[in-house]
Student: 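What follows is a structure written as structure tokens; I'll ask about it next.
Lettering follows sequence order; numbering is per chain, from 1.
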Amino acid sequence: MSSNPSASKEYNHKEIEGPVYQKWLDSGVFHHEPDDRGPEHRYCIMIPLPNVTGALHLGHALNHTCQDVMTRWNRMKGKTTLWMPGTDHAGIATQSVVERRLFELENKTRHDLGRAGLVERIWKWKDQYENRILSQMKLIGNSCDWDRTRFTLDEVCSRAVRHTFFAMFRDDLIYRGRRLVNWDTELQTAVADDEVYHETLKSHLWHIRYPLSDGSGHLVVATTRPETMLGDTAVAVHPEDERYKHLIGKTVDLPLTGRQIPVIGDPILVKQEFGSGCVKVTPGHDPNDYECGLRNNLEQINIMTPNGCVNENGGEYAGLVFDEARERVVKNLEALGLIESIEDYEHEVGHSDRSKSAIEPYLSEQWFARMGDVEGGVRCKGGTVVPGLAQAAIDTVKDGRIQFFPSRYANQYLDWLSEKRDWCISRQLWWGHRIPVWYCDGDVDEKVLQEAFKDRDDVVYKRDEWSGQWMFCIREGELPADSVPGQTLRQEEDVLDTWFSSALWPHSTLGWPDETADLKYFYPGSVLITTRDIITLWVARMVLTGLYNIGDIPFHHVYVHPKILDGEGQTMSKSKGNGADPAEIAEQYGADAMRFSIAYMTTESQDIRMPMAYACPHCGHLIPQMEKHRKLTRLACDKCKKEFQPSNPMVDVTGDLPLGIVSSEKFEVGWRLCNKLWQVSNGVVFRALADGEKGEAKPITSDDLNLGDRWILSRLHYCIENVNASLSVYRYAESTSYLYRFFWNEFCDWYVEMAKPQLRAEGERPRITRQILAYCLDSILRLLHPFIPFITEELWAHLNELAPQRGLENIAAQDGLLVSASWPEVDASLRDESLEADMEALQEITRAIRDVRAQVNAVRARAQESIMRSLPSVVVRAKQHVCDLVVKNKDMCMVLGPCDAIDAQSDAARPEASAARVIDGSTELYVPVGNLIDLDSEKKRLEGEVKKTEGFIKGTEAKLANEKFVSRAPDHVVQNERDKLEDLKQQREKLLQSIEELG
RNA sequence: GGGCGAGUAGCUCAGCUGGUUAGAGCGCCUGCCUUACAAGCAGGAAGUCGCAGGUUCGAGUCCUGUCUUGCCCACCA
């Protein structure tokens with residue numbers, strides 16, 4: 001850390017960020033304990049737990065910035081604050097990453113290692129990436145309570161999972177069932193609907209003849225999956241289809257199998273107009289057919305092995321991969337003359353998000369959580385009875401207990417929940433919470449069980465509807481294999497869906513099922529901040545488990561932020577390899593710059609387009625990151641042609657080539673802001689303060705304040721008000737715009753420039769100016785802190801050193817860290833809109849003078865007085881302010897251009913060789929420019945102004961000539977137009993006069 | 001097939017309940033190494049608000065249609 005900040009010219013985040021973060025950690029300010037204050041003094045955010053599949057990318061940086069801004073803001077507002085950090089074991093995602101890696105590096109599969117061996121490998125991976133993730137989070141400035149860091153497989157979270165499973169099993173909200181699921185044949189597990197994406201594939205529609213058993217002809221069925229005919233158990237027609245309805249009840253000979261299957265009528269499955277109007281029904285391999293099978297009591301034949309081959313039910317086709325089976329089936333059917341036709345066809349095929357392989361609908365035994373309404377309702381913790389878990393979650397949003405920002409996302413939540421589809425919670429994986437159910441393979445009399453488990457309220461047992469087997473669930477710990485006399489129990493092999501444990505995150509992390517002080521105090525949380533794609537998967541499930549386990553919602557607000565897209569419009573993701581490591585951005589621009597830029601771009605309706613580029617480590621040239629670069633380990637620079645390794649969170653650094661890190665000019669906004677803040681603080685404010693004495697601050701009364709002081713204070717409090725308003729509804733871009741404008745365009749561009757000469761004035765003036773500079777910078781640092789915490793904290797320390805006593809009317813000593821300083825309060829008495837209008841007029845005049853001098857290229861011209869001619873009232877006003885600030889301080893260069901000044905008079909004569917500017921209808925300005933004036937171009941310019949003014953006059957006159965406008969528009973709108981017209985006319989007069997005076 | 005967004009300056013985007021001459025950042029042009037900042041300062045140019053209708057005294061803003069585009073959801077053989 002530089003001990004002498006003014007010596008450092010440019011802001012260097014690398015010297016600041018690490019030490020500042022350490023200061024925060026040392027101070028323990030991120031950790032708050034429950035206290036006895038009311039709920040209005042609490043603020044709690046649960047992080048959307050990152051998967052331990054890999055390192056964080058920019059999307060996380062956005063998500064975390066949003067949360068950290070809220071956390072820091074509320075901490076400064078004096079709330080007892082908790083931002084809970086942690087990571088997710090991410091079952092299928094992590095296991096598949098580790099398995100893939102195992103195969104790539106060691107050519108081994110999970111079966112080579114066995115369950116324990118693989119899980120051990122995954123734990124190692126988890127440790128590595130959890131560390132990396134947590135250190136990335138620290139690097140970008142997250143003010144999480146690290147003491148409370150959780151992982152979904154740790155003791156505390158696991159216990160919550162067990163208790164929840166146990167209760168739901170007991171309450172019959174969890175059941176085992178044989179269902180058609182999305183089967184990933186590569187990973188050999190069921191995957192959730194949400195883990196399936198659809199791809200449009202070119203295929204064919206095969207029309208196949210199924211001969212009627214009685215020899216009276218055949219039916220033609222159309223299918224995209226001819227191989228599944230091996231599992232057909234019926235042919236369906238529409239019961240009102242004149243062509244076929246008489247055939248219902250007959251049978252057909254299913255080709256290639258020798259089986260006879262019935263012709264059935266099913267109005268739901270069959271649309272008469274599609275294909276031939278006949279549908280082959282394969283309940284074991286198609287979701288629609290499955291439903292149809294249930295309706296018609298059809299046999300379900302499974303013809304697939306878990307790895308996607310035809311099983312023994314496929315007769316001679318057994319052992320073939322499905323694709324091969326299809327070819328063989330079609331060939332054999334052709335040989336039998338049973339193919340009527342083959343047409344080209346495009347359709348959507350589900351693919352596994354994880355393995356990218358085609359999903360097979362597969363009949364298997366799975367565990368489900370009941371989402372629909374149940375008879376008698378569901379009894380939640382606390383005694384409330386709800387119709388069903390999904391309905392309970394729906395109600396929280398419908399009745400406003402939970403509010404979405406932006407509100408449109410509530411629809412996504414409600415639409416999904418309203419389907420009330422049971423949730424398949426089992427996965428055939430090894431990485432995760434193993435389902436705490438034990439089976440008893442032999443048959444046992446219930447009395448034996450009653451005896452074995454008497455006085456045990458932590459064991460529940462029931463018969464599996466499907467197999468009739470006894471199933472036992474124990475709340476905690478293991479159920480010994482010999483718990484039932486004469487039997488050997490074996491535990492379920494499956495693990496729980498990842499979302500089962502993350503659904504409990506808001507309360508499991510706080511110690512539930514124990515009624516800990518944390519749980520009582522911090523639950524429910526304040527807001528959940530996430531992206532739209534896990535509204536259903538995660539948000540909805542946290543709500544329903546929260547209601548069931550706690551009897552209360554998990555959070556009051558859900559803020560859904562935009563997503564970061566790459567240069568090609570694709571969302572960033574670890575697996576795509578198109579992301580950027582926030583650490584690399586922070587390395588180049590600083591974490592503050594990254595955070596500010598992100599917040600600046602986080603608007604309500606648009607995703608953030610962020611083209612990334614690799615910075616060539618040899619020549620610095622930027623090479624746009626494109627799809628074709630993903631997963632490359634070497635890339636040649638477009639410019640210097642030398643090779644480097646493009647950085648990618650998912651690809652290891654090989655080390656034989658220098659690394660080209662990712663970059664984006666989008667972060668320059670933030671960098672410039674930080675640098676500007678550094679410069680103005682060190683170069684102006686701190687220097688000025690160093691001239692004063694410590695503790696010189698005295699109460700300032702309104703008599704002490706001049707126009708500039710009042711103006712900047714008024715603008716400051718306007719800014720505070722608007723930052724509060726926009727942050728309270730999660731409008732990050734809006735709040736940063738207010739801050740940017742105030743700090744840069746108002747404080748730096750105007751106030752600081754006005755302050756400079758005053759610092760050299762006589763008497764009390766310098767002290768007052770210093771005091772206001774200190775007060776403004778104090779507020780600016782506080783206001784910017786949630787967005788750019790490092791640099792503001794650093795500057796705060798210097799400000800405290802140089803001006804420990806700060807304030808206006810009330811002087812207070814400031815010390816300690818900014819992170820726990822108080823948030824500025826709006827002081828409405830400092831707002832003065834008419835004064836702001838005066839200042840605007842002054843700025844207008846100043847700009848006019850600058851413009852003249854820029855136009856005539858008179859920058860080096862000697863200082864001369866400009867003349868302002870205006871109405872007496874305006875002149876009085878101008879004299880009061882302008883003369884104070886300008887005329888008496890002729891060296892106030894920056895406000896008026898080089899060494900200018902203004903003399904304001906109501907009847908001033910136009911000086912010789914001057915350029916004219918019309919400010920408004922009553923005010924004009926003459927700027928002497930000597931022989932530099934170009935009469936022709938000046939005249940041309942003025943004529944252009946006249947033309948423009950006349951255009952406005954015409955428009956305004958037309959408006960006022962419209963009788964309907966005059967009679968129907970509100971009075972003040974009409975009056976405005978009249979005033980405007982009057983003013984415009986006077987402007988025209990003045991312009992014409994100026995032209996005339998030019999000769 | 002259903003739902004939700006987006007189309008405003010060369011680029012990326014603001015513009016909330018309709019009301020002065022539609023804004024910002026970047027880029028561009030002109031001039032400045034001005035004792036905080038040239039990664040800066042001062043000034044400037046630049047838009048028929050996708051298109052067509054409608055409502056209204058008044059539309060970037062509301063309504064209808066339409067085109068383009070992105071995302072989410074959905075079981076169509």
Side-chain angles (χ1 to χ4, degrees), chain A residues 6 9-11 193-194 198 205-206 221-225 236 268-271 274-282 286-291 345 347-348 350 361 406 408-409 411-412 415-416 419 532-533 535-536 562-563 565 569 571 600-601 603-611 665-666 668-669 671-672 675-687 729 731 733-734 737 740-741 745 748-749 752-753 756 846-847 850-855 857-860 893-894 897-898 948-949 951-952 955-956 959 962-970 972-974 976-977 979-980 983-984:
Chain A
S6 54
K9 204 166 154 46
E10 194 171 271
Y11 176 56
D193 291 345
D194 322 86
H198 293 268
L205 198 56
W206 285 270
V221 299
T223 181
T224 53
R225 305 284 317 264
I268 299 172
L269 181 71
V270 182
K271 296 223 166 36
F274 188 91
S276 60
C278 299
V279 185
K280 65 192 267 303
V281 184
T282 324
D286 181 280
N288 293 312
D289 295 2
Y290 176 78
E291 294 295 329
Y345 193 70
H347 66 146
E348 300 270 297
R408 65 189 137 94
Y409 287 111
N411 295 331
Q412 199 173 318
D415 289 350
W416 186 79
E419 289 184 29
R532 55 181 175 262
D533 39 30
I535 289 173
T536 54
K563 302 184 71 166
L565 308 180
T571 59
Y600 192 75
M601 292 184 286
T603 58
E604 289 232 295
S605 53
Q606 296 265 84
D607 282 338
I608 299 171
R609 192 62 88 92
M610 179 122 31
E665 57 182 21
K666 289 274 178 181
E668 284 171 12
V669 186
W671 193 92
R672 282 198 313 275
N675 192 47
K676 185 84 172 173
L677 179 62
W678 187 255
Q679 299 286 357
V680 77
S681 301
N682 287 305
V684 181
V685 183
F686 294 161
R687 276 191 202 180
V729 289
R731 293 184 179 226
E734 196 174 274
S737 309
Y740 189 97
R741 174 185 291 270
N745 303 121
C748 292
D749 289 352
V752 165
E753 296 307 330
K756 283 176 188 169
T846 309
R847 265 191 285 271
R850 288 168 176 169
D851 182 29
V852 169
R853 301 186 74 94
Q855 294 287 327
N857 207 351
V859 176
R860 289 198 182 80
C893 307
M894 296 309 292
K948 211 163 131 189
T949 311
F952 294 138
T956 314
K959 219 172 190 180
N962 183 344
E963 212 174 297
K964 282 181 178 169
F965 171 71
V966 178
S967 59
R968 296 195 195 178
H972 72 274
V973 173
V974 177
N976 257 353
E977 289 300 310
D979 294 348
K980 192 173 91 188
D983 195 81
L984 284 166

Student: To the nearest 0.5 Å, tell me how far A:Lys676 NZ sits from A:Asp749 CG.
Tutor: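 Here the rounded value is 6.0 Å.
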
Student: Once you round to the nearest 0.5 Å, how far does CD of A:Glu977 lie from CG of A:Asn962?
Tutor: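 Answer rounded to 0.5 Å: 11.5 Å.
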
Student: Can you tell me which nucleotide in B:C71, B:G25, B:A6 comes closest to the side chain of A:Val669?
Tutor: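 Given the options B:C71, B:G25, B:A6, the side chain of A:Val669 is closest to B:G25.
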
Student: Could you state the atom-to-atom distance from NZ of A:Lys959 to P of B:G58 in whole Å?
Tutor: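 Interatomic distance, NZ of A:Lys959 to P of B:G58: 10 Å.
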
Student: Heavy-atom count around A:Glu419 CD within 6.0 Å, excluding the residue itself: above 12?
Tutor: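 More than 12 heavy atoms, drawn from other residues, nucleotides or ligands, come within 6.0 Å of this atom.
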
Student: Within the 4.0 Å heavy-atom criterion, would you say A:Tyr600 contacts the bases, only the backbone, or no part of the nucleic acid?
Tutor: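 Touches sugar-phosphate only.
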
Student: Rounded to the nearest 0.5 Å, how far apart are CZ of A:Phe952 and CG of A:Leu984?
Tutor: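 Between A:Phe952 CZ and A:Leu984 CG, I get 7.5 Å after rounding to 0.5 Å.
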
Student: Compare the minimum distances between each of B:C16, B:A39, B:G5 and the side chain of A:Ser605, then state the nucleotide with the smallest one.
Tutor: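 Out of B:C16, B:A39, B:G5, the nucleotide with an atom closest to A:Ser605's side chain is B:G5.
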
Student: For the CD atom of A:Glu734 and the OH atom of A:Tyr600, what is their distance to the nearest 0.5 Å?
Tutor: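 Output value for this atom pair is 12.5 Å.
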
Student: Roughly how far apart, to the nearest Å, are B:G65 and B:U55 at atom C1'?
Tutor: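 Each nucleotide's C1' atom is 15 Å from the other's.
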
Student: Examine B:G23: is either OP1 or OP2 under 4.0 Å from a nitrogen or oxygen in the side chain of A:Ser737? Give yes or no.
Tutor: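 For B:G23, OP1/OP2 do not have a side-chain N/O of A:Ser737 under 4.0 Å.
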
Student: Does atom CD (A:Glu665) have a neighbourhood of more than 12 heavy atoms from anything else shown, all under 6.0 Å?
Tutor: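 Check fails, neighbour count at 12 or below.
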
Student: Starting at CG of A:Asn682 and ending at P of B:A36, how long is that distance when rounded to a whole Å?
Tutor: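 Taking CG of A:Asn682 and P of B:A36, I get 12 Å after rounding.
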
Student: Using the P atom in both, what is the distance from B:G3 to B:U64, to the nearest Å?
Tutor: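 These two P atoms come out 13 Å apart once rounded.
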
Student: Within the structure shown, what part of the strands sits under 4.0 Å from A:Glu977 by heavy-atom distance: base, sugar-phosphate, or nothing?
Tutor: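 Nothing: the residue A:Glu977, judged by heavy atoms under 4.0 Å, touches no strand.
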
Student: Return the value, rounded to whole Å, for the distance between atom NZ of A:Lys676 and atom P of B:G25.
Tutor: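 Atom-to-atom, A:Lys676 to B:G25, this comes out as 12 Å.
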
Student: For nucleotides B:C4 and B:C63, find the distance between their P atoms and express it as a whole number of Å.
Tutor: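 Straight-line distance between the two P atoms is 12 Å.
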
Student: Where do A:Asp286 and A:Pro361 come nearest, in terms of heavy atoms and distance?
Tutor: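 So the two residues come closest at N-CB, 4.1 Å.
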
Student: What's the CE-P distance between A:Met601 and B:C26, to the nearest Å?
Tutor: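 After rounding, the reported distance stands at 14 Å.
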
Student: For the side chain of A:Arg847, starting at C-beta, report the closest nucleotide among B:G19, B:G43, B:C4.
Tutor: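 For A:Arg847, the side-chain atoms sit closest to B:G43.
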
Student: Over how many whole Å does the gap from A:Asp749 atom CG to B:G43 atom P extend?
Tutor: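 Distance, rounded to whole Å: 9 Å.
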
Student: On a whole-Å scale, what distance lies between the C1' atoms belonging to B:C29 and B:C16?
Tutor: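 It comes out at 35 Å once rounded to the nearest Å.
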
Student: For the C1' atoms, the ones on B:G58 and on B:A74, what distance do you get once it is rounded to whole angstrom?
Tutor: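 Here B:G58 and B:A74 have their C1' atoms 44 Å from each other.
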
Student: Return the 5'-most residue of the pair A:Lys964, A:Arg408 with respect to RNA chain B, ranking by each residue's nearest nucleotide.
Tutor: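 Final value for this comparison: A:Arg408.
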
Student: Closest nucleotide of RNA chain B for A:Val966 versus for A:Arg741: which of these residues is on the 5' side?
Tutor: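 Per heavy-atom nearest nucleotide, the more 5' residue is A:Arg741.
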
Student: Taking only the P atom of each, what is the distance from B:G27 to B:A38 in whole angstrom?
Tutor: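 These two P atoms come out 16 Å apart once rounded.
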
Student: May I ask you to evaluate whether A:Thr603 reaches the phosphate of B:A14, defined as a side-chain N or O under 4.0 Å from OP1 or OP2?
Tutor: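 It does, given that an N or O in the side chain of A:Thr603 lies less than 4.0 Å from OP1 or OP2 of B:A14.
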
Student: Once Watson-Crick and G-U wobble pairs under 3.5 Å are found, how is RNA chain B written in dot-bracket notation, 5' to 3', with | for any base paired to another strand?
Tutor: (((((((..((((.....[...)))).(((((.......))))).....(((((..]....))))))))))))....

Student: Any donor-acceptor pair, under 3.5 Å, between the side chain of A:Glu753 and the base of B:A36, if you only look at N and O atoms?
Tutor: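 For A:Glu753, whose side chain was compared with the base of B:A36, there is a donor-acceptor pair (under 3.5 Å).
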
Student: On a heavy-atom basis, which atom in A:Leu269 and which in A:Asn288 lie closest, and how many Å separate them?
Tutor: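 Shortest heavy-atom contact: CD1-CB, 3.6 Å.
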
Student: Given the C1' atoms of B:U61 and B:G19, what is the spacing between them in whole Å?
Tutor: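 Rounded to whole Å, the distance is 11 Å.
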
Student: Tell me the closest heavy-atom pair linking A:Ser605 and A:Arg408, and the distance in Å.
Tutor: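 Distance-wise, the nearest heavy atoms are CA-NH2, 3.5 Å.
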
Student: Grab the OH-P distance between A:Tyr409 and B:C73 for me, whole Å please.
Tutor: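 Distance check: A:Tyr409 OH to B:C73 P gives 13 Å.
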
Student: If you look at every strand shown and take non-hydrogen atoms under 4.0 Å, does A:Pro970 touch a base, only sugar-phosphate, or nothing?
Tutor: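 Base: the residue A:Pro970, judged by heavy atoms under 4.0 Å, touches a nucleobase.
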
Student: Could you state the CG-P distance from A:Leu565 to B:C11, rounded to the nearest angstrom?
Tutor: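 Spelled out: CG on A:Leu565 to P on B:C11 is 18 Å.
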
Student: What's the closest nucleotide to the side chain of A:Cys748 if the choices are B:A36, B:C41, B:G19?
Tutor: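 Looking only at heavy atoms from C-beta outward on A:Cys748, the closest nucleotide is B:A36.
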
Student: Once you apply a heavy-atom cut-off of 4.0 Å, does A:Asn976 come out as touching a base, just sugar-phosphate, or nothing?
Tutor: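 No contact.
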
Student: Please name the pair of heavy atoms, one in A:Tyr409 and one in A:Arg532, separated by the smallest distance, quoted to 0.1 Å.
Tutor: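 Between these two residues, the closest heavy atoms are CE2-CB, 3.6 Å.
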
Student: Could you tell me whether the phosphate oxygens of B:C26, OP1 or OP2, come under 4.0 Å of any side-chain nitrogen or oxygen in A:Arg672?
Tutor: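 For A:Arg672, the contact criterion (side-chain N or O under 4.0 Å from OP1 or OP2 of B:C26) is met.
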
Student: List, with names and distances, any nitrogen or oxygen atoms from the protein found under 3.5 Å away from nitrogen or oxygen atoms belonging to nucleotides 74-77 of chain B.
Tutor:
from: B:C75; atom 1: O2'; to: A:Asn288; atom 2: ND2; distance (Å): 2.6
from: B:C75; atom 1: N1; to: A:Asn288; atom 2: OD1; distance (Å): 3.2
from: B:C75; atom 1: O2; to: A:Asn288; atom 2: OD1; distance (Å): 2.5
from: B:C75; atom 1: O2; to: A:Asn288; atom 2: ND2; distance (Å): 3.2
from: B:C76; atom 1: O2; to: A:Lys271; atom 2: NZ; distance (Å): 3.2
from: B:A77; atom 1: OP2; to: A:Tyr345; atom 2: OH; distance (Å): 2.8
from: B:A77; atom 1: O2'; to: A:Ala222; atom 2: O; distance (Å): 2.2
from: B:A77; atom 1: N6; to: A:Lys271; atom 2: O; distance (Å): 2.7
from: B:A77; atom 1: N6; to: A:Phe274; atom 2: O; distance (Å): 2.5
from: B:A77; atom 1: N1; to: A:Lys271; atom 2: N; distance (Å): 3.3

Student: Between B:C62 and B:G5, how many Å separate the two P atoms, rounded to a whole number?
Tutor: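 Per the computed distance, 11 Å lies between those P atoms.
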
Student: Can you find a side chain N or O atom of A:Lys756 that sits less than 4.0 Å from OP1 or OP2 on B:A36?
Tutor: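 Answer yes for this pair, as a side-chain N or O of A:Lys756 is under 4.0 Å from OP1 or OP2.
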
Student: Pick base, sugar-phosphate or nothing for A:Asp289, based on heavy-atom distances below 4.0 Å to the nucleic acid.
Tutor: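 Answer is nothing: A:Asp289 stays at 4.0 Å or more from every strand.
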
Student: Students often get this wrong, so: under 4.0 angstrom with heavy atoms, is A:Ala733 touching a base, only sugar-phosphate, or nothing?
Tutor: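 A:Ala733: no heavy atom of the nucleic acid under 4.0 Å.
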
Student: In whole Å, what is the span from the CE atom of A:Met610 to the C1' atom of B:C11?
Tutor: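 Computing the A:Met610:CE to B:C11:C1' distance gives 15 Å.
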
Student: Could you check whether A:Lys563 pairs with A:Asp533 (Lys NZ or Arg NE/NH1/NH2 to Asp/Glu carboxylate O, under 4.0 Å)?
Tutor: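 A salt bridge links A:Lys563 with A:Asp533.
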
Student: With sequence neighbours excluded, what pairs up with A:Thr282 under the side chain to side chain donor-acceptor pair (under 3.5 Å) test?
Tutor: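 For A:Thr282 the side chain to side chain donor-acceptor pair (under 3.5 Å) partners, ignoring immediate neighbours, are A:Asp232, A:Lys280.
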
